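First up is the structure itself, then whatever we jot down about it.
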Amino acid sequence: MRPLPPSDHLFGFRPDQDGLGAWARETFIDSDSPICNPDHAHLDDAFIGWLWTDEEAANHGRRILGECRMIQAQQRKWSSAMSHHQLKQWFGSTPDFVIVIQADAARDMDDASFCALVEHELYHAGQLIDEFGQPAFTKSGRPIYSMRAHDVEQFVGVVDRYGAGASDVEALV
């Protein structure tokens, strides 16, 4: 049973209190899950903070339904200190990543669409690849995290006209 966003108006951002983070971990990251995705195994020890929002956002005319951000080490600037302070208030300490889900959209999604949204954001929470093409780790053996871009960015019209090979989307097809 997937978690639903809070039923009241959020008026901004609210940290997950209803089990979204636990559900995402149990569903997609934990190896015991029937729909575990091994692509997310590097997140096994990651601290991911989850937020619901009722704020609307768009990018290039498309509604944003979710966002993943990697949290950088605190800088010696007040803006960085303020954001880290807020994260500590929400989550108790500073997470490796914060994932925001648009509550109004999530409320109206079917289960498959909701799973796709959550997993899409988890895919952005990546692991750095070293100069040999291997996953990078700290000296203590912890993954070094990074943000992953989308695997494919292409226009349907270009694929229609020139094909999957010329459009560099064969792996997706």
Side-chain angles (χ1 to χ4, degrees), residues 1-128 138 142-151 153:
M1 188 72 170
R2 73 175 171 105
L4 295 173
S7 57
D8 61 333
H9 287 287
L10 304 175
F11 300 107
F13 298 87
R14 181 179 300 167
D16 163 48
Q17 297 170 334
D18 301 314
L20 173 60
W23 174 85
R25 181 169 297 282
E26 291 166 4
T27 304
F28 301 114
I29 299 171
D30 288 350
S31 60
D32 296 339
S33 170
I35 61 171
C36 167
N37 186 338
D39 289 350
H40 306 308
H42 64 281
L43 297 174
D44 192 44
D45 293 324
F47 178 14
I48 303 172
W50 293 82
L51 293 170
W52 293 105
T53 187
D54 57 1
E55 298 286 333
E56 293 290 333
N59 186 20
H60 300 289
R62 296 187 73 171
R63 185 178 183 202
I64 296 174
L65 305 180
E67 179 181 72
C68 178
R69 287 187 175 209
M70 189 172 103
I71 307 303
Q72 302 294 332
Q74 188 169 343
Q75 311 272 319
R76 294 182 180 222
K77 296 181 181 176
W78 282 348
S79 60
S80 176
M82 285 187 320
S83 63
H84 279 261
H85 177 78
Q86 179 66 64
L87 292 170
K88 287 175 186 172
Q89 284 187 324
W90 281 337
F91 305 115
S93 62
T94 303
D96 299 306
F97 296 96
V98 172
I99 296 179
V100 182
I101 301 294
Q102 212 292 334
D104 299 325
R107 192 175 293 109
D108 295 334
M109 289 179 175
D110 60 32
D111 289 346
S113 297
F114 183 76
C115 286
L117 170 62
V118 170
E119 197 160 8
H120 174 106
E121 298 310 327
L122 286 171
Y123 266 108
H124 284 298
Q127 184 174 358
L128 187 70
T138 64
R142 191 165 192 262
I144 299 174
Y145 297 117
S146 66
M147 288 297 295
R148 285 190 63 212
H150 295 111
D151 292 330
E153 187 168 327

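Because the structure is a prediction, the values reported are computed rather than measured.
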Non-hydrogen atoms of [X] and [Y] that approach each other most closely:
{"X": "Y145", "Y": "D45", "answer": "OH-C, 3.8 Å"}
{"X": "P95", "Y": "G49", "answer": "CB-N, 3.7 Å"}
{"X": "S31", "Y": "C36", "answer": "CA-SG, 3.7 Å"}
{"X": "W23", "Y": "C115", "answer": "CH2-SG, 3.9 Å"}
{"X": "A73", "Y": "S80", "answer": "O-OG, 4.4 Å"}
{"X": "A103", "Y": "P5", "answer": "O-CG, 3.3 Å"}

Side chain to side chain, [X] and [Y], heavy atoms closer than 4.5 Å:
{"X": "E55", "Y": "V100", "result": "no"}
{"X": "M70", "Y": "Q72", "result": "yes"}
{"X": "P15", "Y": "W50", "result": "no"}
{"X": "L87", "Y": "I71", "result": "yes"}
{"X": "I48", "Y": "V98", "result": "no"}
{"X": "R62", "Y": "N59", "result": "no"}
{"X": "S146", "Y": "Q127", "result": "no"}
{"X": "I101", "Y": "L20", "result": "yes"}

Subject >> Residue Q89 excluded, over 12 heavy atoms near CD under 6.0 Å >> reply: yes

**OP:** Check whether more than 12 heavy atoms from other residues, nucleotides or ligands sit under 6.0 Å from atom CZ of R2, and answer yes or no.
**Re:** yes

Subject >> Any side-chain donor near an acceptor of the partner, D151 and Y123, under 3.5 Å >> reply: no

Original post:
Looking just at side-chain N and O atoms, do Q102 and R63 make a donor-acceptor pair shorter than 3.5 Å?
Top reply: yes

**OP:** Give a yes or no answer on whether the side chain of D16 reaches the backbone of L51 with a donor-acceptor pair at less than 3.5 Å.
**Re:** no

Subject >> Any donor-acceptor N/O pair, T53 side chain to G12 backbone, under 3.5 Å >> reply: yes

For [X] and [Y], take the angle between the two ring planes, folded into 0 to 90°, and tell me which bin it lands in: parallel under 30, tilted 30 to 60, perpendicular over 60.
{"X": "F47", "Y": "F91", "answer": "perpendicular"}
{"X": "F28", "Y": "H40", "answer": "perpendicular"}
{"X": "H150", "Y": "H120", "answer": "tilted"}

Original post:
Stepwise, does the salt bridge (Lys or Arg N to Asp or Glu O under 4.0 Å) test hold for R14 with D8?
Top reply: CA-CA 11 Å; R14 181 179 300 167; D8 61 333; 3.0 Å; yes

Original post:
Can you list the residues that meet the salt bridge (Lys or Arg N to Asp or Glu O under 4.0 Å) rule with D30, with sequence neighbours excluded?
Top reply: none

**OP:** List in chain and number order the residues that pass side-chain contact (heavy atoms from CB on, under 4.5 Å) with S7, two or more places apart in sequence or in another chain; answer none if no residue qualifies.
**Re:** none

**OP:** Starting at CG of L122, measure out to CG of N37 and round the result to the nearest 0.5 Å.
**Re:** 9.0 Å

Subject >> Full working for side-chain contact (heavy atoms from CB on, under 4.5 Å) between M109 and L65 >> reply: CA-CA 11 Å; M109 289 179 175; L65 305 180; 3.6 Å; yes

Subject >> Working for side-chain contact (heavy atoms from CB on, under 4.5 Å), residues C68 and M147 >> reply: CA-CA 8 Å; C68 178; M147 288 297 295; 4.2 Å; yes

Subject >> Evaluation steps, side-chain contact (heavy atoms from CB on, under 4.5 Å), between E56 and D104 >> reply: CA-CA 9 Å; E56 293 290 333; D104 299 325; 4.3 Å; yes

Subject >> Aromatic contact, H124 with F97 (centres under 6.0 Å) >> reply: no

Original post:
If you measure from the Lys or Arg side-chain nitrogens to the Asp or Glu carboxylate oxygens, is any gap between D96 and R142 under 4.0 Å?
Top reply: yes

